[in-house]
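Notes follow the structure.
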Protein chains: 2
Amino acid sequence: MSIDRKRQIIEAATKSFSLFGYKATTMEQIAKLANVGKGTIYTFFKNKEDLLDEIISALILEIKKEAEQAMNPDRPFSENVHRALYRILEFRQQHQLTARLLQEVRNIGTPAVQEVMKKLDWAIIDYIREKIDIAIKKGEIRDCDAEITAFLMLKTYIALIVDWEKDHEPLTKEKIAQLFELYFLKGLSK
Amino acid sequence: MSIDRKRQIIEAATKSFSLFGYKATTMEQIAKLANVGKGTIYTFFKNKEDLLDEIISALILEIKKEAEQAMNPDRPFSENVHRALYRILEFRQQHQLTARLLQEVRNIGTPAVQEVMKKLDWAIIDYIREKIDIAIKKGEIRDCDAEITAFLMLKTYIALIVDWEKDHEPLTKEKIAQLFELYFLKGLSK
DNA sequence: GATTGACTAATTTGTCCATTTAGTCAGTTT
DNA sequence: AAACTGACTAAATGGACAAATTAGTCAATC
């Protein structure tokens, strides 16, 4: 019974955060939506921030699953890392909750949301880092600092997908894959 | 005489913007510092934003000069582009005015300042783009979209110098040069 | 003709007070 | 007694209004 209530609360909170954002969602609203008393929320979660944190932790697992699905063990590292990163960032922008929270960080800068989105970014970096470590072990790519590489790969993708569009025509998925291949794998040297 | 007054105003404004930021600087303050009447400022500049814009335009020239000095025509492209970008970002962070304005964008997000810092970034990208175009013509590097490459190079440097430090030990200048060489020039492929 | 600073309209800041809200806890339900 | 609740409180937020500040103008002055 109590497990179910926790799920009800998480679902209600996710829905409300997705629709109105973190700041504009009140604990009473969540309680009403979840058909529980406000106090009940606090038996499962330390506070509002903790509730958001648990939701994001679950989302991180979901994102990893998405990325895993996008990859194909028969294809080379370069292709898989592109597919994984592209799928992750696509998910991040299309998923209602993350899209809303990204917007909230841009427009209001709610500290709790900023923190949790940073956690999400580092989870992505850590996930890519694992893939890079495997590729290095398998001899698919040069030896390099896997964490910095993963960090730069994410930054590069965000730059190409999000930042470039602010001043230019968006780049196609193929173009991005091609650019990524050129800079990260082949290098500019002749 | 009037040329001199314009210089006085620019110097006063630069000093005040550097010390207090754009928003916290009043036109009256600038006039007092420059020993002119407030109205005189408006004979040289359309408005406060235009005054900041002229200062940044001059700064862009200064930054290009800095970059030019950091480079050595006898050395290869890879080394020069690193030297140029490193010097530019070092300048951007150490120069009183740019450091203050970058802080103002982060903390307050003053629109006029945001705009002008974006202009600065694109001037840097355009400068690097020219260097890349030359390197391509000379056959020093592969053919590639020079603008996107310059854009990604700046993003990469900012990521390594500014963003990485937020969660990790800062990277040394040598390490950054080495990472840049690895990712942009050599590529990860074996 | 160049320069000025008092002036104005508009924005920003400060100060209330009313409302809202996160989190608690005494009491109710199961 | 264990789980649950919603009235309650202290703190934060928001709105309304006045006071202060400021960007930009322009008639008077140099």
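Since the structure is predicted, the reported quantities are computational estimates derived from the model, not experimental observations. So you know, we letter chains A, B, ... as the sequences are listed, proteins then strands, and number each from 1.
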What donor-acceptor contacts under 3.5 angstrom involve side-chain atoms of residues 28-38 of chain A, with partners at least two apart or in another chain?
residue, atom, partner, partner atom, Å
A/Gln29, OE1, A/Ser16, OG, 3.0

Discussion item. Could you see if B/Val162 belongs to whatever hydrophobic cluster contains B/Ile63? Use Ile, Leu, Val, Met, Phe, Trp, Tyr and a side-chain cutoff under 4.5 Å.
Written reply: yes
* To do: Please state whether the rings of A/His95 and A/Phe91 are parallel, tilted or perpendicular, taking 30° and 60° as the class boundaries.
  =>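 Because their plane-to-plane angle is under 30°, the rings of A/His95 and A/Phe91 count as parallel.
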Parallel, tilted or perpendicular: which one describes the rings of B/Phe17 and B/Tyr22, with boundaries at 30° and 60°?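 Geometry flag for B/Tyr22 against B/Phe17: tilted rings.
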Can you check the [X] [atom1] to [N] [atom2] distance for me, whole Å?
X: B/Asn47; N: C/dA9; atom1: CG; atom2: C1'; result: 16 Å
X: A/Lys6; N: D/dA3; atom1: NZ; atom2: C1'; result: 16 Å
X: B/Tyr22; N: C/dT12; atom1: OH; atom2: P; result: 12 Å
X: B/Lys46; N: D/dT25; atom1: NZ; atom2: P; result: 10 Å
X: A/Phe44; N: D/dA3; atom1: CZ; atom2: C1'; result: 9 Å
X: B/Phe45; N: D/dA23; atom1: CZ; atom2: C1'; result: 15 Å
X: A/Tyr42; N: D/dC8; atom1: OH; atom2: P; result: 18 Å
X: B/Ile41; N: D/dT25; atom1: CD1; atom2: P; result: 13 Å

Quick test of your reading of the model: are [X] and [Y] salt-bridged, counting only N-O distances below 4.0 Å?
X: B/Glu130; Y: B/Lys64; result: no
X: B/Arg7; Y: B/Glu11; result: yes
X: A/Glu68; Y: A/Lys131; result: yes
X: A/Lys166; Y: A/Asp163; result: yes

- Query: Taking atom types as modelled, is there a side-chain donor on A/Lys119 or A/Ser57 under 3.5 Å from an acceptor on the other?
  - Reply: yes
* Which nucleotide in the list C/dT3, C/dA22, D/dT25 gets nearest to the side chain of A/Lys48? ->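 Of the options given, the side chain of A/Lys48 lies nearest C/dA22.
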With a cut-off of less than 4.0 Å, is there a side-chain N or O of A/Arg5 near OP1 or OP2 of D/dC4?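 It does, given that an N or O in the side chain of A/Arg5 lies less than 4.0 Å from OP1 or OP2 of D/dC4.
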Ordered by number, residues from residues 102-114 of chain B within less than 4.0 Å of DNA chain C (heavy atoms) are none
Residues in residues 26-40 of chain B with a heavy atom under 4.0 Å of DNA chain C, by number, are B/Val36, B/Gly37, B/Lys38, B/Gly39, B/Thr40
